[in-house]
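To start, the structure itself, in structure tokens.
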Amino acid sequence: RDLHSFPTRRSSDLRLNVRSFLTTKVDTNKKMRETILGNPSRFFAYNNGVSATARNLRFEENEGVKFIVFAEEFQIINGGQTTATLSYTRRKDNADISKIFVQMKLTEITGNKQQDDVDELVRDISKSSNSQNKVTDADFFSTHPYHILLERLSRTVKVPRLQGEQYDSYWFYERVRGQYYQKQMAMTVGEKKKFQLEYPESRTFGKTELAKFWNTWLMRPDIVSKGANTNIKDFAVLVDEMWGDCGNGFDEAYFKKSVALNIIFTTLEKAIPRQSWFRGSYRANVVTYAMALFHKKVLDSFKGKDLNLISIWDRQGLSDELLDIFLCVAEYVYEKITSDDRPVENVTQWCKRKNCWSGVVDEQTLSLQTLFKNIQNTFMDFKDSVDKLDKENQNVFKTKYLESSTKEIEGKINVCVTDIKSFFEKQIKTMNENYENEIKKMKDEYNELNYEWTKKKVDYTWSHSEWQLGIDSHYKSGNNCR
């Protein structure tokens, strides 16, 4: 039966199909319609075809080729959208479908089966035909040269060895879903153990995660909040534009920055639930918004400068001080997106809106300029002294994590005063204790060896009173974190 009679008979032909026609507004059906109208000769190559069942098939042979000339109880059990879209486009768009071919798998129901048995068999066939693993947009994106390059780099760029590590290791980029486990399928126990030492499971990430990290860092948290599928579609378009003809700029440094963003994102995912201000919901939204806002504030505060992501790769982690700043931003974001005056009641849906991100960015309460500037100025003043007193255990803000700006920055911050002030006081206390210990040690040596301790080679160029005076004047001058 050709498709001309389908409109009047489709309800019976599709009786055992799992879905009725979903209209051409559905993405897959829309693309089928475009192929029918614009490139009909490609339809056979693009389409998966239909599966059907029937009884009492009769064949006739013509020039050595068999043709089906009769069938009873014909049912389309998989491919109803294909059949209906062809019929719809022929009628609504007056499309010529005479050159379109569709492959079909036809199962003949034989014997004297009762109708209930037939229906059960057809349901089993239909279920099996429709139970393949879902192919996502991320899967289609995996063959782009961008992902092939990152896969190659992940197999060759060694991770800096951390203290106690005895083996070279790598970050494993999963260009194709399941690749990490597939690599190990044919390995012996010994080979698998070696592989897992080189590529720890904790250091694996894929396309979906990569898109999330980079769209967050590119300050698009509203897109990230729309979910993995929408986000990777958006990121795929962006990558296509940036890649151009030759992919300039995508190199080993780019791979290291990608891993650094992974480290920031996953560290925040683990740290935020442990904070006293976190009430147990919207972690995913808080992480992407906090990381995006942090980057926005850095770019605004230090013109022409950016966070040094390579240093995070070198360290394979965040310093305590940098994490504290991220958490300060996260607390602000959490309060902002859950504020009672938000225009959309559902917080998750609100975070998908562009004006949610605009509202978070435009808020003037949060000024990271003063926060960064005060930390840098305070610890740069005493960096040399701290290095002499405690080279291995110092806990100061390392300026290599943030390239400083020479521009004078003004402003006040209304968050995180307690944490930052406590951090300063802790450093002062540590320096005082180290200083007192050194003084006592030198005095003991003086009494024992009977020579002037001030002539020792350890050169301390400042006194306890001068240190304390400097700190007091720092706070009195109003250079605190608010």
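By convention here, the first residue in the shown sequence is residue 1.
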Query raised in the report: How close do Pro221 and Met219 get, heavy atom to heavy atom, and via which atoms?
Result: CD-C, 3.2 Å

Report task. Check whether any side-chain heavy atom of Ser169 sits under 4.5 Å from a side-chain heavy atom of Arg203, and report yes or no. Result -> yes

**Report entry** Thr288 side chain to Ala284 backbone, donor-acceptor under 3.5 Å
**Finding:** no

Query raised in the report: Checking Glu241 side chain against Leu238 main chain: does a donor-acceptor pair fall under 3.5 Å?
Result: no

Report task. Please work out which of the three classes, parallel, tilted or perpendicular, describes the rings of His147 and His144, given edges at 30° and 60°. Result -> perpendicular

Report task. Assess the side chains of Tyr181 and Glu201: does a donor N or O sit below 3.5 Å from an acceptor N or O? Result -> yes

Report task. Please round to the nearest 0.5 Å and tell me the distance separating atom CG of Asn47 and atom NZ of Lys31. Result -> 13.5 Å

Query raised in the report: Under the side chain to side chain contact (heavy atoms under 4.5 Å, CB included) criterion, do Ser225 and Trp357 qualify, and how do the steps go?
Result: CA-CA 11 Å; Ser225 296; Trp357 170 236; over 6 Å; no

Query raised in the report: Does the side chain of Tyr254 pick up a donor-acceptor pair with the side chain of Tyr146 at under 3.5 Å?
Result: yes

Query raised in the report: Any side-chain heavy atom of Met187 within less than 4.5 Å of one from Lys193?
Result: no

Query raised in the report: Under the 3.5 angstrom rule, does the side chain of Ser301 hit a backbone N or O of Val298 as a donor-acceptor pair?
Result: no

Query raised in the report: Distance from Glu345 atom CD to Asp340 atom CG, nearest 0.5 Å?
Result: 10.5 Å

Report task. Answer whether the closest heavy-atom distance between the side chains of Asn231 and Lys212 falls below 4.5 Å. Result -> yes

Report summary line: Residues Tyr332 and Val360: closest non-hydrogen pair is OH-O, 3.1 Å

Query raised in the report: Hey, is the main chain of Cys351 close enough, under 3.5 Å, to the side chain of Tyr289 for a donor-acceptor pair?
Result: yes

Query - Check ion pair Asp93-Arg33 (N to O, under 4.0 angstrom) - result: yes

Requested in this report: Inspect the contact between Glu174 and Lys183 and indicate whether a charged nitrogen and a carboxylate oxygen are less than 4.0 angstrom apart.
Outcome: no

Query - Nearest heavy atoms of Ala95 and Leu37, plus distance in Å - result: CB-CD2, 3.8 Å

Query raised in the report: Any luck finding a side-chain donor-acceptor pair between Gln196 and Gln184 under 3.5 Å?
Result: yes

Requested in this report: Examine distances only and state if a side-chain atom of Ser339 and a backbone atom of Glu335 form a donor-acceptor pair shorter than 3.5 Å.
Outcome: no

Query raised in the report: Between atom CG of Asp234 and atom CD1 of Ile223, what is the distance when rounded to the nearest 0.5 Å?
Result: 5.0 Å

Query raised in the report: So which of Tyr173, Trp171, Tyr170, Phe172 actually passes side chain to side chain contact (heavy atoms under 4.5 Å, CB included) with Thr204?
Result: Phe172

Report summary line: What one should report as the nearest heavy-atom pair of Ala290 and Ala330 is CB-CA, 3.6 Å

**Report entry** Leu322 and Ser319, any side-chain heavy atoms less than 4.5 Å apart
**Finding:** yes

Query raised in the report: Does Arg175 use its side chain to pair, donor to acceptor, with the backbone of Leu150 at less than 3.5 Å?
Result: no

**Report entry** Non-hydrogen side-chain atoms of Arg152 and Ile148 separated by less than 4.5 Å
**Finding:** no

Query raised in the report: Is there side-chain contact between Gln103 and Phe44, with at least one heavy-atom pair below 4.5 Å?
Result: yes

Query raised in the report: Does Thr89 use its side chain to pair, donor to acceptor, with the backbone of Leu86 at less than 3.5 Å?
Result: no

**Report entry** Spatial distance of atom CD (Glu209) from atom CG (Leu261) [nearest 0.5 Å]
**Finding:** 13.5 Å

Query raised in the report: Between atom CG of Asn215 and atom CD1 of Ile232, what is the distance when rounded to the nearest 0.5 Å?
Result: 9.5 Å

Query - Step-by-step side chain to side chain contact (heavy atoms under 4.5 Å, CB included) determination, Thr266 to Asn262 - result: CA-CA 6 Å; Thr266 54; Asn262 184 338; 3.3 Å; yes

Query raised in the report: Think Arg220 forms a cation-pi with Phe235, using NZ or CZ under 6.0 Å from the six-ring centre and within 45 degrees of its axis?
Result: no

**Report entry** Expected output: side-chain Arg342 to main-chain Val344 donor-acceptor under 3.5 Å
**Finding:** yes

Query raised in the report: Among Leu307, Leu299, Val333, which residue meets the side chain to side chain contact (heavy atoms under 4.5 Å, CB included) test with Phe294?
Result: Leu307

Report summary line: From the list Phe213, Phe326, Phe205, ring pair (Phe, Tyr, Trp, His ring centres under 6.0 Å) partner of Phe265 resolves to Phe213

Query raised in the report: How far apart are the closest heavy atoms of Thr208 and Ala228, and which atoms are they?
Result: CG2-CB, 3.5 Å

Query raised in the report: Is a side-chain donor or acceptor of Gln316 paired with a backbone partner of Ile312 at a separation under 3.5 angstrom?
Result: no

Requested in this report: Determine, step by step, whether Tyr334 and Tyr282 satisfy the ring pair (Phe, Tyr, Trp, His ring centres under 6.0 Å) criterion, reporting the C-alpha distance in whole Å, the side-chain angles of both residues, the deciding distance to 0.1 Å, and the verdict.
Outcome: CA-CA 8 Å; Tyr334 186 76; Tyr282 319 118; 7.0 Å; no

**Report entry** Exercise: identify the closest heavy-atom pair between Trp350 and Cys356
**Finding:** O-CB, 3.1 Å

**Report entry** Residues Leu309, Lys256; criterion side chain to side chain contact (heavy atoms under 4.5 Å, CB included); working and verdict
**Finding:** CA-CA 8 Å; Leu309 293 173; Lys256 291 179 177 180; over 6 Å; no

Query raised in the report: Do the charged groups of Asp222 and Lys352 touch, with an N to O distance under 4.0 Å?
Result: no

Query - Inter-residue atom distance Asp168.CG - Leu197.CG, 0.5 Å rounding - result: 11.5 Å

Requested in this report: Would you indicate whether Arg155, at its atom CZ, is surrounded by more than 12 heavy atoms from other residues, nucleotides or ligands within a distance under 6.0 Å?
Outcome: yes

Query raised in the report: Is there a side chain to side chain contact (heavy atoms under 4.5 Å, CB included) between Thr82 and Met32 once you walk through the steps?
Result: CA-CA 8 Å; Thr82 296; Met32 270 197 285; 3.7 Å; yes

Query raised in the report: More than 12 non-hydrogen atoms from neighbouring residues, nucleotides or ligands closer than 6.0 Å to NZ on Lys257, yes or no?
Result: no

Query - Pairwise side-chain contact, Val50 with Asn78, heavy-atom cut-off 4.5 Å (strictly under) - result: no

